[in-house]
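Data block below; observations after.
In listed order, ligands and their atoms are each counted from 1.
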Amino acid sequence: MTSWNELFNDEKNIKRFPETEIYKFVTTLEQLFSERPLRLWDICCGAGRHTVAMASFGHKIYASDNAPNAITLTRKYLSERGLQAELMLSDMTICPWPEASFHGVISWDALHHNTLGNIQRAIDEIHKHLIPGGFFMGTFKSSKSDSYGRGKEIESDTFISYDGKEKGIMHHHFNEVGIRNLFQNWEVIALAEMVIKYIERGSNFMEMNPFPYTKWDILVRRK
Ligand SMILES: C[S@@+](CC[C@H](N)C(=O)[O-])C[C@H]1O[C@@H](n2cnc3c(N)ncnc32)[C@H](O)[C@@H]1O
């Protein structure tokens, strides 16, 4: 099975540009919390584009991923920018800083890379490590995504992809009930299904398509 660690050996799988939502998230937290620096965790940080973006605000950033190459790439990217963050190799189900409490946690396009049970464990771990009133923002694959069903189903709605950029990688897909179940104990601020409807799919679509697939965007607060 291909792993993200292997995918990071190929430059084409390394994203450098942060999503604009990250800036909105950090500036909102700056308005809501007076404590400085804010403590922010990028869980499943990948090559570090959001770790670097958040560190540029001057806050205390923590970043974790279970791929050694991700941690190496993030460390290099931070150093190139003259920035710092706490980095740890760690599975998504564990916060590698047992005493830490965060104002905000983000995870972009990552927590769906697991079985449903482990994704719930990761969300519960994030909840445990947020201060009361702290926020989580993340994205998750939708069951309406083009990748749905394209692979070996290892449990309901969880597939090991057999094609595309993430061939060999596990993805769980959520419908609305599923995504709501994941965040039962949270206050939901925004839940959106970002529907992308492809009108035409040419040859090598799954390999070459640069656009996103239908996914869930969610912003939630620890009560
Ligand atoms: C699509 S990449 C997204 C990376 C980053 N969040 C971004 O937006 O650039 C998915 C990331 O999830 C990480 N990942 C997958 N399964 C994981 C697990 N069980 N524990 C920790 N990280 C995991 C991968 O190593 C990879 O860095």
Side-chain angles (χ1 to χ4, degrees), residues 1-26 40-56 61-78 81 85-97 104-126 129 136-142 145-147 151 154-155 158-161 164-173 182 194 206-207 209-218:
M1 189 171 105
T2 318
S3 68
W4 266 103
N5 200 47
E6 291 166 52
L7 290 178
F8 285 132
N9 287 323
D10 187 339
E11 187 66 31
K12 79 172 187 287
N13 297 316
I14 298 172
K15 290 188 175 175
R16 290 288 180 208
F17 295 101
E19 305 290 336
T20 51
E21 288 87 339
I22 304 300
Y23 292 94
K24 173 77 178 165
F25 183 71
V26 177
L40 307 171
W41 178 19
D42 183 4
I43 174 172
C44 305
C45 61
R49 59 186 179 136
H50 298 134
T51 308
V52 165
M54 295 197 295
S56 69
I61 310 302
Y62 300 74
S64 60
D65 200 288
N66 75 344
N69 281 337
I71 298 301
T72 303
L73 285 163
T74 301
R75 183 169 292 117
K76 186 164 173 279
Y77 198 14
L78 284 161
R81 297 293 169 103
E86 299 285 331
L87 304 182
M88 286 289 261
L89 187 66
S90 175
D91 190 75
M92 65 169 74
T93 55
I94 295 159
C95 176
W97 305 277
V105 179
I106 62 146
S107 191
W108 208 264
D109 292 350
L111 292 175
H112 48 227
H113 290 308
N114 221 325
T115 56
L116 181 57
N118 279 336
I119 298 169
Q120 186 70 66
R121 274 179 209 104
I123 296 298
D124 293 347
E125 184 75 350
I126 291 167
H129 285 276
F136 167 75
M137 180 176 74
T139 67
F140 297 83
K141 283 251 184 234
S142 162
S145 161
D146 279 53
S147 63
I154 57 159
E155 64 173 21
T158 306
F159 301 88
I160 310 262
S161 308
K165 287 172 283 199
E166 298 182 17
K167 184 178 172 184
I169 303 285
M170 188 191 304
H171 293 91
H172 182 81
H173 297 69
L182 208 53
M194 309 300 284
M206 294 301 284
E207 277 71 30
N209 177 34
F211 307 114
Y213 299 109
T214 299
K215 61 180 176 177
W216 294 99
D217 284 0
I218 190 160

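By the 4.5 Å heavy-atom criterion applied to side chains, F136 and I106 are not counted as neighbours. Contact of the F159 side chain with the H173 side chain is registered, since non-hydrogen atoms from C-beta on lie closer than 4.5 Å. Between H50 and V52, every side-chain heavy-atom pair lies at or beyond the 4.5 Å cut-off. Considering only heavy atoms from C-beta on, L78 comes within 4.5 Å of L87 through its side chain.
Using a 3.5 Å distance cut-off with no hydrogens or angles, the side chains of D109 and T139 do pair a donor with an acceptor. Side-chain contact of D91 with T93: a donor-acceptor pair under 3.5 Å is present, judged by distance alone.
Evaluated by nearest non-hydrogen atom to atom 25 (O) of ligand 1, the leading choice among N69, D65, I22 is D65. When the options S64, A67, C45, C44 are ranked by their closest heavy atom to atom 12 (O) of ligand 1, first place goes to C44.
The contact set between ligand 1 and S90, taken as ligand atoms under 4.0 Å from a residue heavy atom, comprises 20 (N), 21 (C). Under a 4.0 Å criterion applied to the non-hydrogen atoms of A110, ligand 1 contributes the atoms 10 (C), 11 (C), 12 (O). Ligand-side atoms of ligand 1 in range of H113: 1 (C), 10 (C), 15 (C), 16 (N), range being under 4.0 angstrom from any heavy atom. Shown in contact with N114 at under 4.0 Å from a heavy atom are these atoms of ligand 1, numbered in order with element: 19 (N). Listed by number with element, the atoms of ligand 1 under 4.0 Å from a non-hydrogen atom of R49 are 7 (C), 8 (O), 9 (O). Taking a cut-off of under 4.0 Å to the non-hydrogen atoms of H50, the atoms of ligand 1 that pass are 8 (O).
Of all protein heavy atoms, the one lying nearest to atom 23 (C) of ligand 1 is N66 OD1, 3.2 Å. Residue, atom and distance of the protein heavy atom nearest to atom 19 (N) of ligand 1 are D91 OD1, 3.0 Å.
Between H113 and H171, a ring centre-to-centre spacing shorter than 6.0 Å is recorded.
Within 6.0 Å of CZ on R81 lie no more than 12 heavy atoms contributed by other residues, nucleotides or ligands.
The N/O atoms of W108, backbone and side chain alike, include one that comes under 3.5 Å of an N/O atom in ligand 1. Backbone and side-chain nitrogen or oxygen atoms of D42 are examined, and none is located within less than 3.5 angstrom of a nitrogen or oxygen of ligand 1. An N or O contact shorter than 3.5 Å links M92 to ligand 1 by distance.
A cation-pi arrangement, defined by a distance under 6.0 Å to the six-membered ring centre and an angle within 45 degrees of its axis, is absent between R49 and F17.
At a heavy-atom cutoff of 4.0 Å, ligand 1 is contacted by the side chain of W4 but not by its backbone.
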